[in-house]
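Comments concern the structure below.
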Amino acid sequence: LASSPSLRHAITQTLVIACRESTQLLEDTLTREGLTPSVLRQQPNPQYRHHARSALVLLNHCKAWQQASEHDGLTLVVEADFVPVQGMGALPLPFHPDRCKLGMAWLYTCAAQIYSVSDVGHAHGFSASTVAYVISRQSAIALLSIEDSLGQNSDPTLYTAWECEFERYR
């Protein structure tokens with residue numbers, strides 16, 4: 001991983017996804033780490049007043065994917081409750097920067113499944129978390145192409161673990 005550029009040098013756009021939460025501390029921390037964020041805040045909409053938080057979070061991720069699909073560099077997407085480690089900006093990018101088939105590179109993970117490890121030590125696998133991840137323009141376009149099928153069989157007023165469905169598309 002030593003040959004990978006640092007996050008602060010590789011990431012060209014950082015998006016913080018929020019509803020009503022305060023993001024100032026996270027914004028300040030990311031800025032100090034060289035990852036200057038923009039906040040995508042869910043706007044109040046009467047149409048969504050009965051939607052579950054998970055449905056609103058999916059809508060926010062879709063906004064982030066749309067913005068990333070219009071951006072040529074790598075995009076870091078973090079949810080408002082993400083807690084970065086001190087020195088995060090200096091950490092190496094967790095994949096080879098020239099890898100053209102990047103899906104999502106998780107910086108925070110839960111229920112990780114590792115399928116393989118590359119010859120340079122990058123783990124390839126799956127996670128069921130959207131708290132913090134890196135995507136490319138191509139990744140964002142692919143995510144937008146499956147947007148309609150994520151959680152499609154669920155009632156938006158009920159909780160759904162839509163992020164667990166990503167593995168179907170690997």
Side-chain angles (χ1 to χ4, degrees), residues 4-95 97 102-112 127-148 150-151 154 156-166:
S4 292
S6 67
L7 290 174
R8 78 170 52 95
H9 289 108
I11 302 297
T12 56
Q13 174 175 242
T14 300
L15 303 175
V16 175
I17 293 175
C19 285
R20 293 180 296 268
E21 310 91 336
S22 171
T23 59
Q24 195 58 57
L25 181 58
L26 178 58
E27 290 175 73
D28 293 347
T29 302
L30 290 170
T31 299
R32 275 194 308 276
E33 293 295 335
L35 300 163
T36 307
S38 296
V39 177
L40 300 178
R41 193 169 294 283
Q42 183 72 43
Q43 297 301 313
N45 184 331
Q47 175 185 354
Y48 302 137
R49 103 176 139 251
H50 298 295
H51 279 45
R53 296 276 295 178
S54 62
L56 297 175
V57 169
L58 173 58
L59 290 172
N60 271 357
H61 279 277
C62 291
K63 275 183 13 185
W65 302 339
Q66 182 61 49
Q67 195 161 324
S69 76
E70 298 165 358
H71 182 74
D72 285 329
L74 293 174
T75 299
L76 170 61
V77 179
V78 300
E79 293 180 350
D81 59 348
F82 175 60
V83 180
V85 297
Q86 189 173 16
M88 176 182 160
L91 293 174
L93 194 61
F95 58 90
L102 171 69
M104 297 173 86
W106 280 270
L107 298 186
Y108 171 91
T109 186
C110 62
S127 174
S129 172
T130 54
V131 174
Y133 57 92
V134 177
I135 55 176
S136 66
R137 181 173 191 258
Q138 293 78 12
S139 304
I141 291 168
L143 287 164
L144 286 168
S145 76
I146 64 169
E147 166 189 358
D148 289 338
L150 291 174
S154 63
T157 64
L158 302 175
Y159 173 82
T160 181
W162 56 268
E163 64 272 30
C164 294
E165 297 178 31
F166 288 137

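Here the structure is a predicted model, which is why all the values come from computation and not from measurement. Only heavy atoms go into these numbers, but all of them, side chains included; no hydrogens, no water, no symmetry mates. Here, residue 1 is the first one in the sequence, and each next residue gets the next number.
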Here the gap from Ser136 atom OG to Phe95 atom CZ, rounded to the nearest 0.5 Å, amounts to 7.5 Å
Write down the atom of Pro37, the atom of Val16, and the distance for their closest heavy-atom approach. CB-CG2, 3.8 Å
Residues 7-20 vs salt bridge (Lys or Arg N to Asp or Glu O under 4.0 Å), sequence neighbours excluded, gives Arg8-Glu33
I need the minimum non-hydrogen distance between Pro84 and Leu26, along with the two atoms involved. CD-CD1, 3.7 Å
Starting at CG of Leu58, measure out to CH2 of Trp65 and round the result to the nearest 0.5 Å. 5.5 Å
Looking at CG of Leu40 and NE2 of His61, how far apart are the two atoms once the value is rounded to the nearest 0.5 Å? 10.0 Å
List in chain and number order the residues that pass side chain to side chain donor-acceptor pair (under 3.5 Å) with Thr23, two or more places apart in sequence or in another chain; answer none if no residue qualifies. Glu27, Arg41
Partners of Ser69 by side-chain contact (heavy atoms from CB on, under 4.5 Å), sequence neighbours excluded? Gln66, Ala140, Ile141, Leu144
Any side-chain heavy-atom pair from Val78 and Ile17 closer than 4.5 angstrom? no
Glu21: which residues meet the salt bridge (Lys or Arg N to Asp or Glu O under 4.0 Å) condition with it, sequence neighbours left out? Arg53
Atom of Ala90, atom of Ser6 and distance for their closest heavy-atom approach: O-CB, 3.8 Å
Using side chain to side chain donor-acceptor pair (under 3.5 Å) as the criterion, list what pairs up with Gln24, not counting sequence neighbours. Asp28
For the OG1 atom of Thr36 and the CD1 atom of Ile11, what is their distance to the nearest 0.5 Å? 12.0 Å
Of all residues at least two apart in sequence or in a different chain, which pass the side chain to side chain donor-acceptor pair (under 3.5 Å) check with Asp81? none
Measuring from atom SG of Cys19 to atom CG of Leu59, what distance do you get when rounded to the nearest 0.5 angstrom? 9.0 Å
With sequence neighbours excluded, what pairs up with Gln13 under the side chain to side chain donor-acceptor pair (under 3.5 Å) test? Gln67, Thr75
Would you please classify the geometry between the His51 ring and the Tyr48 ring as parallel, tilted or perpendicular, with 30° and 60° separating the classes? perpendicular
Rounded at 0.5 Å granularity, tell me how far CD in Gln86 sits from CZ in Arg32. 8.5 Å
How close do Ala68 and Ile135 get, heavy atom to heavy atom, and via which atoms? CB-CD1, 3.8 Å
Using side-chain heavy atoms (C-beta onward) and a distance below 4.5 Å, is Leu76 in contact with Leu35? yes
What pairs with Asp72 under side-chain contact (heavy atoms from CB on, under 4.5 Å), at least two apart in sequence or on another chain? Arg137
Are Leu107 and Leu7 packed together at the side-chain level, in the sense that at least one heavy-atom pair is separated by less than 4.5 angstrom? yes
